[in-house]
Each structure stands twice: as structure tokens, then as C-alpha cells.
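So the structure is just underneath, and the comments pick up after that.
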Amino acid sequence: MKLPDPRMIQLVMSLRGGGVTDAKVMGAIERTPRHLFVPQRFGDQAYDDRALPIDCGQTISQPLIVALMTQALKLDDRCKVLEIGTGSGYQAAVLARLARRVYTVERYRTLAKEAEDRFHALRLTNIVARIGDGTQGWPEQAPFDRIILTASAPQRPDAILEQLKEGGIAVAPVDRGPKQVLVRYIRQGGEISETDLLDVRFVPLVKGEARAL
Ligand code: SAH
């Protein structure tokens with residue numbers, strides 16, 4: 001795969017500065033051409049460490065946040081992963097390099113279709129994409145070793161966390177008053193422990209399948 005090297009090198013350096021220490025995560029970022037996931041008019045900013053607008057009024061997450069969330073999941077190649085909020089498909093593509101299989105749900109048909117085209121183009125055959133409401137997780141495929149929400153939940157997303165295996169890890173942005181916090185959940189002995197990681201800003205998790213688009 002051909003990548004715009006100088007821009008990628010600069011991105012890797014800023015991720016390192018932001019606390020990305022896991023070499024496997026960094027490798028997955030390096031092998032994922034972000035310019036294919038952003039609208040063409042933002043192509044020149046694809047390797048800047050910033051979120052960018054995508055269709056349907058949504059956003060592709062900032063690379064640092066993608067990397068830190070991926071790192072917090074401690075993935076290995078046996079993991080079955082659920083992602084809520086496919087968006088551009090960038091986060092799913094990064095996860096797919098480190099996990100066995102990624103199941104990803106998006107409520108906008110347009111975004112889900114565009115993301116699927118990208119997965120095919122990149123031959124990421126271990127991603128399964130679905131259009132629908134992810135607020136109830138993906139019951140037919142549960143349980144999962146890892147779960148990631150890329151839209152902010154109004155409170156602890158219990159219905160989704162129920163689909164986490166024993167010993168499993170989930171990361172999710174959760175509303176805390178006017179702020180959002182990235183929270184890591186671990187299921188151990190039937191209990192779910194939680195740790196706040198950092199303040200973040202994501203689009204909201206919205207119930208129901210999108211009617212338009
Ligand atoms: N992971 C994405 C980030 C996209 S932004 C990326 O790498 O580009 C979050 C996405 O969550 C948006 O596309 C939004 O439409 C979607 N979303 C919000 N609520 C949802 C829900 N209930 N079910 C599925 N997707 C949802």
C-alpha cells in the first residue's frame with residue numbers, strides 16, 4: 001500500500017507525543033490510509049491530527065483519539081469486537097488490523113454503504129457492517145470480547161455492556177453534565193468496573209435508525 005510518507009511520519013510523531021505507546025496500535029494506524037476515509041475536499045488534511053466532517057453531519061474522529069481508544073481495548077487477534085457508530089469506517093479499519101473480526105453498526109445508510117465500499121477496496125474482509133440502531137448492541141452476534149462506542153452515550157450504556165464477555169473490555173464516550181468523558185469498562189466476576197480515561201468530544205449516540213439518508 002502506498003502512503004504519503006512524510007505526512008504519516010508526522011502523524012505518528014504527534015500520536016507518540018499524545019501517549020500512544022503500543023507499537024501494534026501504531027502499526028495499524030500506519031497501515032490505514034486515512035485519506036480514503038475523509039471527503040475529497042479535506043484530503044489535504046487527512047493526516048492532520050484532527051477530527052473532520054463527513055457526510056450526514058457526522059465526523060471522523062481525531063487520529064489520536066482513535067489510537068488511544070484502540071490502545072485501551074488491548075486487542076489481540078482472537079478478539080471479536082463490536083463497534084457502535086461506523087461513520088467513515090476509519091476506526092473499524094484500524095481495529096480490523098488487530099482483531100479477529102469487527103462487527104460495526106451505523107444508523108445512516110449512506111455512511112454504512114460508503115464505509116463498506118472502503119472495506120472492500122482495502123480488502124478488510126474481517127469487518128461485518130450493518131445499518132441499524134446500535135443502542136441495543138448486536139444481540140445476534142453477542143457476546144463480544146471488546147466493545148467500542150464512537151458516539152457519546154447519555155449514561156452508562158448498560159444494554160450494550162451486557163453483550164461484553166467475562167474479562168472483556170469496552171470503551172465509550174459518556175456524557176457528564178456539559179462534558180464527555182472517555183470511560184473504560186471491564187467485566188470481571190459478573191461486575192463491571194469503570195475508569196475515566198480523558199475528556200473527549202463526540203457526536204451523540206442517537207436512538208433509532210436514521211430516516212433520511
Ligand atoms: N467511528 C467513526 C466515528 C463516526 S462519528 C469513524 O471512525 O469515522 C459516530 C457515528 O455514530 C456517526 O456516524 C453516527 O451516525 C453514529 N451513530 C450515532 N448513534 C448511533 C446509533 N444509535 N446506532 C448506530 N450508529 C450511531
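Since the structure is predicted, the reported quantities are computational estimates derived from the model, not experimental observations. Start at 1 and go down the list; that is how both ligands and their atoms are numbered.
Looking at ligand 1, you'll find an N or O of Val206 within less than 3.5 Å of one of its N or O atoms. For ligand 1, the polar-atom distance check against Ser61 finds no nitrogen or oxygen pair separated by under 3.5 Å. Ligand 1 has a nitrogen or oxygen under 3.5 angstrom from a nitrogen or oxygen of Gly85. Residue contacts with ligand 1: Leu111 is placed with no nitrogen or oxygen under 3.5 Å of a nitrogen or oxygen of the ligand (distance criterion only).
Ligand-side atoms of ligand 1 in range of Gly132: 23 (N), 24 (C), range being under 4.0 angstrom from any heavy atom. Less than 4.0 angstrom separates some heavy atom of Tyr108 from each of these atoms of ligand 1: 15 (O). Counting atoms of ligand 1 from 1 in the listed order, those under 4.0 Å from a heavy atom of Ser88 are 6 (C), 7 (O), 8 (O). Counting atoms of ligand 1 from 1 in the listed order, those under 4.0 Å from a heavy atom of Thr86 are 1 (N), 2 (C), 6 (C), 8 (O). Counting atoms of ligand 1 from 1 in the listed order, those under 4.0 Å from a heavy atom of Val105 are 24 (C), 25 (N). Atoms of ligand 1 found under 4.0 Å from any heavy atom of Thr135 (numbered from 1 in listed order, with element): 22 (N). For ligand 1, the atoms lying closer than 4.0 Å to a non-hydrogen atom of Ile60 are 8 (O). Contact atoms of ligand 1 toward Val203: 5 (S), 9 (C) (distance under 4.0 Å to a heavy atom of the residue).
A 4.5 Å side-chain heavy-atom check between Tyr47 and Gln10 finds every atom pair outside the cut-off. The shortest distance between side-chain heavy atoms of Leu111 and Ser88 does not fall below 4.5 Å. The shortest side-chain heavy-atom distance between Val174 and Val181 does not fall under the 4.5 Å cut-off.
Of the heavy atoms in Tyr90, both backbone and side-chain atoms come closer than 4.0 Å to ligand 1. When non-hydrogen atoms are compared, ligand 1 lies under 4.0 Å from the backbone of Leu205 as well as from its side chain. Neither the backbone nor the side chain of Cys56 has any atom closer than 4.0 Å to an atom of ligand 1 (non-hydrogen atoms only).
Rounded to the nearest 0.5 Å, atoms CG (Leu75) and NZ (Lys24) are 8.0 Å apart. Between Ile147 atom CD1 and Arg187 atom CZ the span is 8.5 Å, to the nearest 0.5 Å.
Scanning the protein for heavy atoms near atom 23 (N) of ligand 1, the closest one is Gly134 N, 2.8 Å. Nearest protein neighbour of atom 15 (O) of ligand 1, counting heavy atoms only, is Glu106 OE2, 2.7 Å. If you check which protein heavy atom lies closest to atom 9 (C) of ligand 1, you get Thr150 O, 3.3 Å. The protein heavy-atom contact nearest to atom 12 (C) of ligand 1 is Gln58 OE1, 3.3 Å. The shortest contact between atom 5 (S) of ligand 1 and any protein heavy atom is with Thr59 O, 3.1 Å. When hydrogens are left out, the protein atom nearest atom 18 (C) of ligand 1 is Pro204 O, 3.6 Å; that is the closest non-hydrogen contact.
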Notebook entry, point to check: salt bridge (charged side-chain N to carboxylate O under 4.0 Å, His left out) between Arg100 and Asp76: does it pass, once the steps are laid out?
Noted result: CA-CA 8 Å; Arg100 178 165 59 85; Asp76 66 55; over 6 Å; no

Item checked: Working for side chain to side chain contact (heavy atoms under 4.5 Å, CB included), residues Arg78 and Asp145 -> CA-CA 9 Å; Arg78 290 164 312 214; Asp145 300 292; over 6 Å; no

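In this structure, a donor-acceptor pair under 3.5 Å is absent between the side chains of Thr86 and Glu106. Side-chain contact, Gln91 with Thr104: no donor N or O sits under 3.5 Å from an acceptor N or O. At a cut-off of 3.5 Å, with distance as the only test, a side-chain donor of Asp49 or Gln62 sits close to an acceptor on the other residue. Looking at Asp55 and Thr110, their side chains never bring a donor and an acceptor atom within 3.5 Å of each other.
Geometrically, Arg34 engages Tyr90 in a cation-pi contact defined by less than 6.0 Å to the ring centre and at most 45° from the axis. Cation-pi geometry between Lys80 and Tyr103 is met: under 6.0 angstrom from the ring centre, within 45 degrees of the axis.
Between Gln91, Glu83, Arg107, it is Arg107 that holds the heavy atom closest to atom 17 (N) of ligand 1.
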